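Data block below; observations after.
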Amino acid sequence: MEPARWLAVGSAQGLDKRAAARAVDDALVRDDAKLLIVFCSQSLDLHGLLADIRQRAPGVPLIGCTTAGEIVASGPSEASIVVTAFGGDGFAVQTAAATEVSRDLREAGGTVARCLPVREDLPHQILILLSDGLAGDQQEIVRGAYGVLGAAVPLVGGCAGDDLRMTQTHQLHDDRVLTDSVVAAGLASSAPFGIGVRHGWRRVGEPMLVTASSANRVYTLDDLPALDVYLKHLGLDPSTSSDQSWLARLALTHPLGLGRPSREDEVRWISGGDFVERSLSCMAEVPQGALVWIMEGDETSVLEATDAACADSLAALDGQRPLGVIAFDCIARRGVLGDAGIRSEIDRLATVTSGVPVAGFYTYGEIARTRGLRGFHNQTLVVLSVG
């Protein structure tokens with residue numbers, strides 16, 4: 001007989017101390033929980049939240065992060081907490097955390113990847129990563145984890161948010177509140193996992209050549225200051241603003257597309273700019289010599305990508321109904337869809353997955369590596385189906 005496995009989701013709205021207790025109580029449907037994953041608003045008392053959770057689930061491994069909005073099957077929310085519990089003998093779990101990751105992101109990815117449990121009786125493995133997307137090029141974390149685990153183990157997760165303040169995000173590990181960190185949960189299971197990855201963005205206008213860049217900073221496009229070129233391509237006067245929050249919100253619906261031969265363009269979210277040197281900062285590497293485009297999307301294209309990501313994740317389960325689904329959804333997609341659109345997106349996700357528990361959050365970047373070395377995405381939906 002296959003070992004028992006279960007997944008349950010609890011959520012609660014509001015800033016009062018009892019919110020965490022309500023969410024945890026709803027998620028702990030049985031007494032053999034193996035892992036808790038917590039997504040919550042930056043506005044909550046994070047230390048108090050963890051203390052409440054620990055009272056109700058002492059000793060259960062925990063990872064989590066702050067968000068740019070939370071997701072459950074009933075819809076999107078803000079200033080809330082979402083708790084996902086994995087349980088049963090069909091799961092084995094180990095967790096890890098690395099701090100001060102901005103000093104060496106690749107080393108941090110390799111450090112946390114070593115938490116993956118190895119069990120011959122639980123052949124399906126996955127590493128869930130929650131990171132500080134403001135710490136630098138997140139692809140380096142993926143490279144570090146890949147260097148330890150190789151191609152056989154998929155990676156999935158997302159970058160913590162701070163409600164678009166773009167100043168400081170937090171990660172959670174057991175009873176610790178961290179920043180500039182990456183936390184991970186390695187899972188082994190008796191049943192498969194499925195991952196779907198789609199973005200729904202398309203190229204507009206003429207390509208631009210990256211003529212000077214370093215890691216995730218772009219200095220020049222077509223030999224001109226990158227910030228000025230970007231704004232001019234959008235029909236804007238480069239001298240009109242020097243406000244970081246204005247630029248970040250503009251970039252939500254106008255990312256860069258990084259051309260890739262024979263496969264879908266990679267999307268790069270512009271997280272900020274230097275208004276003195278006129279450069280752009282992105283959430284991941286933009287290599288010198290690459291061709292990039294301004295990208296755009298609309299409600300139709302983004303929702304079509306939602307359907308495709310769900311279908312891809314479920315296909316990997318070979319017809320088996322999932323225990324639950326976790327969605328890592330870029331905050332930029334929310335900017336395109338608007339309030340009605342994000343409600344429709346979550347309704348679609350819940351319908352396609354046949355009413356199983358749904359949890360997730362709006363991210364500052366998404367992790368999904370199922371093949372090849374690359375696995376960091378921007379302005380994309382990543383769906384993890386737990387078989």
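Every value quoted in this text rests on a predicted model; they were computed, and no experiment measured them. Just the heavy atoms: all of them, side chains too, but no hydrogens, waters or symmetry mates, feed the values below. Heads up: numbering here begins at 1 and tracks the sequence.
The local environment of CG in Asp237 is crowded, with over 12 non-hydrogen atoms from other residues, nucleotides or ligands closer than 6.0 Å.
Expressed to the nearest 0.5 Å, how far CG of Leu129 lies from CZ of Arg369 amounts to 11.0 Å. The line from CG of Asp298 to CG of Leu337 is 9.5 Å long, rounded to the nearest 0.5 Å. Here the CD atom belonging to Glu206 is positioned 8.0 Å from the NE2 atom belonging to His233, to the nearest 0.5 angstrom. Interatomic distance, CZ of Phe193 versus CD1 of Ile126, reported as 5.5 Å (0.5 Å rounding). Rounded to the nearest 0.5 angstrom, Asn216 CG and Gln138 CD are separated by 9.0 Å. Taking CG of Leu256 as the reference point, atom CE of Met283 lies at 13.5 Å (rounded to 0.5 Å).
Side-chain atoms of Asp180 and Ser102 include a donor-acceptor pair closer than 3.5 Å. In summary, the side chains of Glu366 and Thr363 do present a donor paired with an acceptor at a separation below 3.5 Å, with no hydrogens or angles considered. A donor and an acceptor atom, one from each side chain of Gln171 and Ser181, are located under 3.5 Å apart.
Screening Thr169, Thr179, Thr167 for a side-chain hydrogen bond (donor to acceptor under 3.5 Å, both in side chains) with Asp162, the sole residue that qualifies is Thr167. The one candidate from Arg203, Arg202, Arg198 that meets the salt bridge (charged side-chain N to carboxylate O under 4.0 Å, His left out) condition with Asp265 is Arg203. Screening Ser11, Ser41, Ser80 for a side-chain hydrogen bond (donor to acceptor under 3.5 Å, both in side chains) with Glu70, the sole residue that qualifies is Ser80. When Val38, Thr66, Leu178 are each tested for a side-chain contact (heavy atoms from CB on, under 4.5 Å) with Leu46, only one passes: Thr66.
Taking each heavy atom of Ala327 and Leu381 in turn, the nearest pair found is CB-CD1, 4.3 Å. Here the shortest heavy-atom pairing between Gly355 and Arg321 reads C-NH2, 4.2 Å. Nearest approach of Ala23 to Val83, heavy atoms of both residues: CB-CG2, 3.9 Å. Of all heavy-atom pairs spanning Ala145 and Leu155, the tightest one is CB-CD1, 3.9 Å. Heavy atoms only, all atoms of each residue included: Ala108 and Ala98 are closest at CB-CB, 3.9 Å. Contact detail for Ala185 and Cys115: the closest heavy-atom pair is C-SG, 4.3 Å.
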Show your reasoning for whether salt bridge (charged side-chain N to carboxylate O under 4.0 Å, His left out) applies to Arg278 and Asp228. CA-CA 7 Å; Arg278 314 303 292 174; Asp228 296 347; 2.8 Å; yes

Pair Arg114-Glu107, salt bridge (charged side-chain N to carboxylate O under 4.0 Å, His left out): steps then yes or no: CA-CA 11 Å; Arg114 294 181 176 89; Glu107 180 182 9; over 6 Å; no

Salt bridge (charged side-chain N to carboxylate O under 4.0 Å, His left out) assessment of Asp174 paired with Arg176: CA-CA 6 Å; Asp174 292 337; Arg176 295 189 296 164; over 6 Å; no

Test salt bridge (charged side-chain N to carboxylate O under 4.0 Å, His left out) on Asp26 and Arg22 and set out the steps. CA-CA 6 Å; Asp26 287 345; Arg22 294 194 299 271; over 6 Å; no

Could you give me the CA-CA distance, side-chain angles and deciding distance for Trp6 and Asp32, then say whether side-chain contact (heavy atoms from CB on, under 4.5 Å) is met? CA-CA 9 Å; Trp6 58 270; Asp32 59 346; 2.7 Å; yes

I'd like to know whether Thr220 forms a side chain to side chain donor-acceptor pair (under 3.5 Å) with Thr211, so could you lay out the CA-CA distance, the side-chain angles of the two residues, the decisive distance to 0.1 Å, and finally the verdict. CA-CA 6 Å; Thr220 62; Thr211 46; 2.6 Å; yes

Carefully, step by step, assess Ile367 and Val156 under the rule side-chain contact (heavy atoms from CB on, under 4.5 Å). CA-CA 5 Å; Ile367 295 170; Val156 70; 5.7 Å; no

With side-chain contact (heavy atoms from CB on, under 4.5 Å) as the test, would you mind laying out the steps for Tyr230 and Leu280 before giving the verdict? CA-CA 9 Å; Tyr230 174 74; Leu280 295 170; 3.9 Å; yes

Evaluate side-chain contact (heavy atoms from CB on, under 4.5 Å) for Ile195 paired with Val383, printing each intermediate quantity in order. CA-CA 6 Å; Ile195 299 174; Val383 178; over 6 Å; no

Could you give me the CA-CA distance, side-chain angles and deciding distance for Arg217 and Ser281, then say whether side chain to side chain donor-acceptor pair (under 3.5 Å) is met? CA-CA 5 Å; Arg217 185 169 289 275; Ser281 295; 2.9 Å; yes

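Asp274 is listed as a side-chain neighbour of Ser279, based on a closest heavy-atom distance under 4.5 Å. Between Val183 and Thr95 the shortest side-chain heavy-atom distance does not fall below 4.5 Å. Residues Leu130 and Val182 fail the side-chain proximity criterion, which asks for heavy atoms closer than 4.5 Å. Under the 4.5 Å side-chain criterion, counting only non-hydrogen atoms from C-beta, Asp89 is in contact with Lys34. A heavy-atom distance below 4.5 Å is found between the side chains of Ile53 and Leu62. No side-chain heavy atom of Ile63 sits less than 4.5 Å from a side-chain heavy atom of Leu172. Counting heavy atoms from C-beta on, the side chains of Cys330 and Leu252 never come closer than 4.5 Å. Within the 4.5 Å cutoff, the side chain of Met166 has heavy atoms near those of the Tyr364 side chain.
Partners of Arg165 by salt bridge (charged side-chain N to carboxylate O under 4.0 Å, His left out), not counting sequence neighbours, listed by chain and number: Asp163.
For Gln139 (side chain) and Glu285 (main-chain N/O), no donor-acceptor pair under 3.5 Å exists by modelled atom type. When atom types are taken as modelled, the side chain of His254 and the backbone of Glu296 share no donor-acceptor pair closer than 3.5 angstrom. Side-chain atoms of Arg54 come within 3.5 Å of backbone N or O of Val60 as a donor-acceptor pair. At least one donor-acceptor pair closer than 3.5 Å links the side chain of Gln42 to the backbone N or O of Gln168. With Trp201 contributing its side chain and Pro255 its backbone, the two residues share no donor-acceptor pair below 3.5 Å. Although no hydrogens or angles enter the test, the distance criterion places a donor-acceptor pair under 3.5 Å between the side chain of Thr351 and the main chain of Asp347. Side-chain atoms of Asp222 never come within 3.5 Å of backbone atoms of Leu224 as a donor-acceptor pair (strictly under, hydrogens ignored).
Look at Arg333 and Glu299 and you find no salt bridge, because none of the NZ, NE, NH1 or NH2 atoms lies under 4.0 Å from a carboxylate O. Under a 4.0 Å N-O distance rule, the pair Asp52/Arg18 does not qualify as a salt bridge. The pair Arg343-Glu345 fails the salt-bridge criterion, with no side-chain N (NZ, NE, NH1 or NH2) lying under 4.0 Å from an Asp/Glu carboxylate O.
In this structure, Phe361 and Phe39 have tilted ring planes: the angle between them lies in the 30° to 60° band.
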